[in-house]
Structures are given as C-alpha cells and as structure tokens.
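Everything on this sheet refers to the single structure shown next.
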Amino acid sequence: MNLQPLYDAVLNGDATAARAITEAAVAEGVDPQTLLSDAMIPAMDEVGRLFEINEYFVPELLISARAMKSALTILRPLLAASGAGSAGRVVIGTVRGDLHDIGKNLVAAMLEGGGFEVVDLGVDVSPEQFVKAVRDTNARIVAISALLTTTMTGMRDTIGALKDSGLREDVKVMVGGAPVTGKYADEIGADGFSETAGGAVRVARDLVPPAA
Amino acid sequence: MTPREALIAALTFQTADGPPPHLELEFHITREMFGQDALNAATFRALPHHQRGDALARNAELWVKVADTLGWSAITGFHDLPADAQAKGMQRVRDLAGDRFMRTAAVSGTLGIPDADDIGALISKIAGDPDGLMEELDTLCRRAEADIRTLAEGGAELIFLVTDYAFHGGPFLSPAMFARFVSPFARRLASAARAHGAFVVQHSDGDLRLMLDEMLGWGLDGFHGLDPRAGMDIRTVRERVGGRWVLFGGVDSVTLRNEGVAEAEQSALHSLRYGPWNGSGHVFTSSNCIYAGTPPENYRAMLAARAALTPASGNSIPL
C-alpha cells in the first residue's frame with residue numbers, strides 16, 4: 001500500500017483524512033505497526049524538523065499531533081491486541097509550583113508522535129507524584145519541564161526523590177524549559193536535555209533505544 | 001524638565017539633557033522597598049465596592065512615592081485593574097502629583113499565547129473555522145477599543161498593548177497566521193490610541209525577531225520587552241528597527257533576579273549603550289519586569305548605572 005497519503009495527512013494536519021486512510025488501510029489488512037512506523041512516526045519527525053527550523057509553529061505542530069491522535073484511536077486497540085510495544089513509556093510533568101504547560105504539552109505531543117506512550121501528570125507536580133507515577137507505570141523515562149527560574153529547582157528535587165526511592169537507576173531523566181540549559185541539566189544529574197520539542201524525541205530515543 | 005517631559009522627549013526622539021527616562025511596567029518588590037503591597041486585580045475584585053476608592057487612593061500614594069523615590073517618569077501601577085478602575089486610579093495620581101508623571105494604562109485585545117486550557121479550542125478554530133475565529137477576534141478588539149476610549153478620557157497618555165506573542169524559542173503563530181489573526185487588530189488598537197492623542201507601545205515576551213517587520217507596520221510608538229535571553233537583545237533590535245521605534249527595556253530581568261550587583265550593572269550599561277537612537281528614543285527599563293524576589297540592591301545597581309551618566313555623556317553611553 002502507498003503510505004504517502006497517510007504521511008501527508010499527518011504532516012498537513014488533516015485529521016479527517018488521517019483517520020479515513022488508516023481505517024481503509026486496516027480494512028485492507030495492512031499491518032498497523034507498518035502504518036505507525038513507516039508513515040505516522042516519520043511524518044511527526046518531519047513536523048518536529050519543520051518546527052525546529054521555524055517553518056512550523058505551535059498551531060501547525062498541534063494540528064499535526066491531532067491528526068496523528070485521530071489515526072491512533074484506530075490503531076491503538078489493534079497494536080495492543082497484537083502485542084506490539086511502544087517505543088517506551090514516558091512520565092511527563094511540569095515541576096512543583098509551576099503552572100505552565102504549553103511547552104510540556106508540545107513535548108508530550110511530539111513524544112506520542114514519536115511512538116512513545118506518554119503518561120501526562122500535568123502541572124505543579126511534586127517529586128513524590130513523579131516517583132509514584134514511575135512506580136505505578138514502570139516508565140522508562142521521566143520528562144520534567146519548568147518555565148520559571150524560581151521553580152526549576154524542582155527538577156533537582158525530583159531527581160533526588162527518585163534516588164531516595166531507589167528508582168533512579170531504573171529510569172532516565174530528561175529536562176527542558178525556557179530557563180533550563182545543558183549545563184544545568186548536567187549539574188542536577190539529568191540524563192538528557194533538549195531545547196525543543198522535536199529534539200526531545202531524539203533525546204528520548206537516545207536514552208531508551210528500541211530493543212534489538 | 002519634569003520626569004513626564006523627559007519621557008515625552010524620548011517618545012518623540014527629541015534629545016534631552018540627562019539620562020534616559022525610567023519606568024517599570026511591573027514592579028514586584030514594593031513590599032521590600034516601600035513596606036506596602038501594590039493593589040492587584042484579585043485584591044481589587046475581592047473588595048466591597050465602597051472600599052475600592054480608598055484602595056485606589058492608597059495605591060496612587062504608593063506609586064507616586066515609588067516614582068518620586070526611584071526616578072520614574074510614569075505611573076504604571078494600575079495596569080492590572082479593569083479599565084474603569086485604571087481611569088479612576090489615574091485621576092487619583094493626578095490629584096496627588098499633577099502632571100509630574102505620565103499616566104499610563106494597559107489594554108489587551110489581540111490574539112496572544114492562550115492558556116493551556118484554551119489552546120485545544122483555538123487550534124480547532126484555526127484549523128476548522130478561521131472565519132469564526134476572526135469574528136471572535138473582532139469582538140475582542142472592539143472591547144479593547146472601548147477600553148482605550150475609557151482610559152484616554154480618564155487621562156491616560158500612554159497606552160501599553162500588553163499581549164505575549166512569543167516564547168523564548170520563537171513566535172507562537174507562524175508569520176502568515178500572525179499577519180492574518182493579529183496584525184489587523186493590533187493596527188486598529190494602535191490607531192484608536194493615537195486617535196485619542198495617546199502614545200502607544202506594545203509589550204510582548206519572547207523572541208519576535210521574525211515578526212519585527214510586520215509589527216513595524218502597526219503604527220506603534222515603541223516596543224517594551226527586549227529579553228536578551230530570548231534573542232531580543234536591545235542592540236540587535238535597535239539595529240533592526242533604527243529610529244522607527246522607541247525601545248523600552250533591555251536590562252535583563254532574570255539577571256536582576258538571580259545574579260549579583262556587578263552583573264546587574266553590566267546589563268544596565270549594555271542597555272544604556274545600545275538603547276538610544278541618535279541620543280534619544282530609549283526608555284530605561286528591565287527586559288520584562290522587576291520580578292518578586294529581585295534583590296533591591298540589584299535594582300539599585302541598575303539605577304546607579306543610569307545615574308552615573310554625566311552631562312558630558314548626554315543621555316547615553318558613547319559606543
């Protein structure tokens with residue numbers, strides 16, 4: 001089957017077309033994993049690339065993510081039934097005391113578009129809530145966001161809480177947000193840092209490579 | 001020359017004696033420096049109506065004291081309040097200080113970065129009903145035009161259009177969407193302010209370098225913000241806009257908040273050096289606001305850098 005129309009539908013943010021093409025492909029017997037891996041995820045990778053070079057902006061990114069989600073509603077039950085795994089489970093949230101979540105939502109959308117299963121804890125998330133979510137979901141990655149210099153210290157607290165709970169060795173921690181730098185990420189002992197939503201997917205893939 | 005006259009000189013690119021005028025759009029350390037919290041919208045709305053007049057009067061006394069003590073050219077301390085309360089507050093200021101300080105007000109009436117709860121609905125409208133979105137934006141703009149009329153009739157001489165259009169990493173909307181969904185309404189608001197004889201200045205956070213050419217067509221007198229951490233260094237922006245905008249800002253608010261006196265002074269000197277255009281057109285302010293938690297000594301260091309300008313150096317530091 002020609003997957004280009006599905007790729008284009010996600011890239012152009014056409015949710016109706018993305019869903020219809022996916023339904024038709026599934027009806028024809030196309031492997032759901034093929035639709036995801038060979039059309040939808042590459043399309044979202046391209047969205048991320050365009051976002052990084054200022055050809056796509058937040059609305060375009062979210063419109064594409066919406067198209068991807070629309071198609072995923074068809075594929076998810078089939079993927080689950082076939083036992084196909086995601087690229088990994090990510091717990092994501094904005095640190096305690098910080099109510100900003102647009103950046104966090106962009107990263108969540110891009111991670112989902114990149115094939116990750118995302119558990120979004122929302123905003124104002126305490127270290128204890130991150131720890132509980134990791135324990136409850138067996139997440140492989142914790143993604144922590146902060147917009148304010150006054151709240152970014154919550155990232156260090158969260159990493160500390162993961163250590164105290166004995167979970168630190170089980171998960172990779174990635175951080176991001178306007179005031180966060182690679183230097184700061186190193187200082188607090190994070191495993192990865194990204195300045196952009198698209199870059200976050202690359203970092204997550206590097207941190208948790210797919211099983212051979 | 002009064003502080004207000006110094007600000008008018010800067011706003012009209014006239015050279016004036018002494019350092020550039022100073023103000024802050026928001027100043028969150030009144031408790032630390034003056035022992036009193038400023039009136040904010042939440043507090044104001046919670047007050048019974050019969051207590052609101054006294055609250056406005058106390059707020060006016062506070063901000064006149066701030067302006068007198070710290071050398072501000074304008075009163076900005078009512079921006080958080082509804083338009084009619086801003087107008088009443090400005091009258092209180094006039095009663096206290098006459099025309100010593102410029103009276104300013106703030107209006108918001110264009111599409112900016114939405115709250116996260118609203119972004120899904122906005123995306124749906126952009127993708128599926130752009131004409132309907134334009135109608136909603138027209139309604140928003142009409143309300144802001146009415147607010148501008150209220151504020152101008154109440155004595156506002158400088159209207160700040162306060163809407164954030166960008167993140168640190170770049171604009172929220174694409175240039176095409178910005179031109180379609182923002183510019184027509186921003187032009188209307190700038191025109192409304194000018195029609196009432198007021199100066200008009202846009203404030204936005206974030207990196208708007210991609211939008212500067214578009215925004216230069218709005219009819220603004222100036223721009224407030226200039227966050228160097230978002231790429232909007234005052235030198236960069238001045239080189240782009242030349243003498244077409246008065247620039248407000250450039251002293252890094254995060255440096256003031258998180259670093260020391262020496263860094264605060266360096267940031268202030270950078271702003272003083274690169275903000276003016278032919279010796280004018282520069283209003284000395286922080287890049288966003290004086291955040292809560294900013295050490296007063298850092299803010300004083302910023303002011304000291306400005307005060308150190310000598311008559312020989314005029315109102316800017318030679319390059």
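Just so it is clear, the structure is predicted and the values come from calculations on it, not from any experiment. Below, chains carry the letters A, B, ... as their sequence lines are ordered, and counting in each starts from 1.
B:Ile119 touches chain A through its side chain: at least one heavy atom from C-beta onward sits under 4.5 Å away, while N, CA, C and O do not. With a 4.5 angstrom heavy-atom cutoff, B:Tyr291 does not touch chain A via any of its atoms. With a threshold of 4.5 angstrom between heavy atoms, B:Leu210 approaches chain A through side-chain atoms but not through N, CA, C or O.
In this structure, OG1 on A:Thr158 lies 11.5 Å from CZ on A:Arg156, to the nearest 0.5 angstrom. With rounding to the nearest 0.5 angstrom, the CG atom of B:Leu226 is 11.0 Å from the CG atom of B:Asp205.
Residues of residues 120-135 of chain A never come closer than 4.5 Å to chain B when only heavy atoms are counted. Along residues 251-264 of chain B, the residues that come nearer than 4.5 angstrom to chain A, judged on non-hydrogen atoms, are B:Val254, B:Arg257, B:Asn258 in order of number. Within residues 185-193 of chain A, no residue approaches chain B closer than 4.5 Å by heavy atoms. Residues of residues 38-49 of chain A placed with any heavy atom under 4.5 Å of a heavy atom in chain B are absent; none qualify.
With hydrogens and angles ignored, the 3.5 Å screen pairs a side-chain donor or acceptor of A:Tyr184 with a backbone N or O of A:Met152. With A:Thr22 contributing its side chain and A:Ala18 its backbone, the two residues share a donor-acceptor pair below 3.5 Å. Not a single donor-acceptor pair under 3.5 Å links the side chain of A:Thr34 to the backbone N or O of A:Val30.
Checked by atom type, the side-chain pair B:Thr76/B:Trp63 shows no donor-acceptor distance below 3.5 Å. With no hydrogens or angles considered, no side-chain donor-acceptor pair links B:His224 and B:Asn288 at under 3.5 Å. Residues A:Thr73 and A:Arg19 have side chains that bring a donor and an acceptor to within less than 3.5 angstrom of each other. Side-chain atoms of B:Tyr165 and B:Thr110 form a donor-acceptor pair, as typed in the model, at a separation below 3.5 Å. At a cut-off of 3.5 Å, with distance as the only test, a side-chain donor of A:Thr196 or A:Glu52 sits close to an acceptor on the other residue.
Of the candidates A:Thr137, A:Ile141, A:Val118, A:Thr137 is the only one forming a side-chain contact (heavy atoms from CB on, under 4.5 Å) with A:Arg89.
Counting heavy atoms from C-beta on, the side chains of B:Met302 and B:Arg306 never come closer than 4.5 Å.
Heavy-atom minimum distance, B:Thr163 versus B:Gln202: O-NE2, 3.4 Å.
In this structure, B:Phe223 has its ring center at least 6.0 angstrom away from the ring center of B:Phe248.
Counting heavy-atom pairs closer than 4.5 Å to chain A, the top-ranked of the candidates B:Ala230, B:Ser174, B:Ala292 is B:Ser174.
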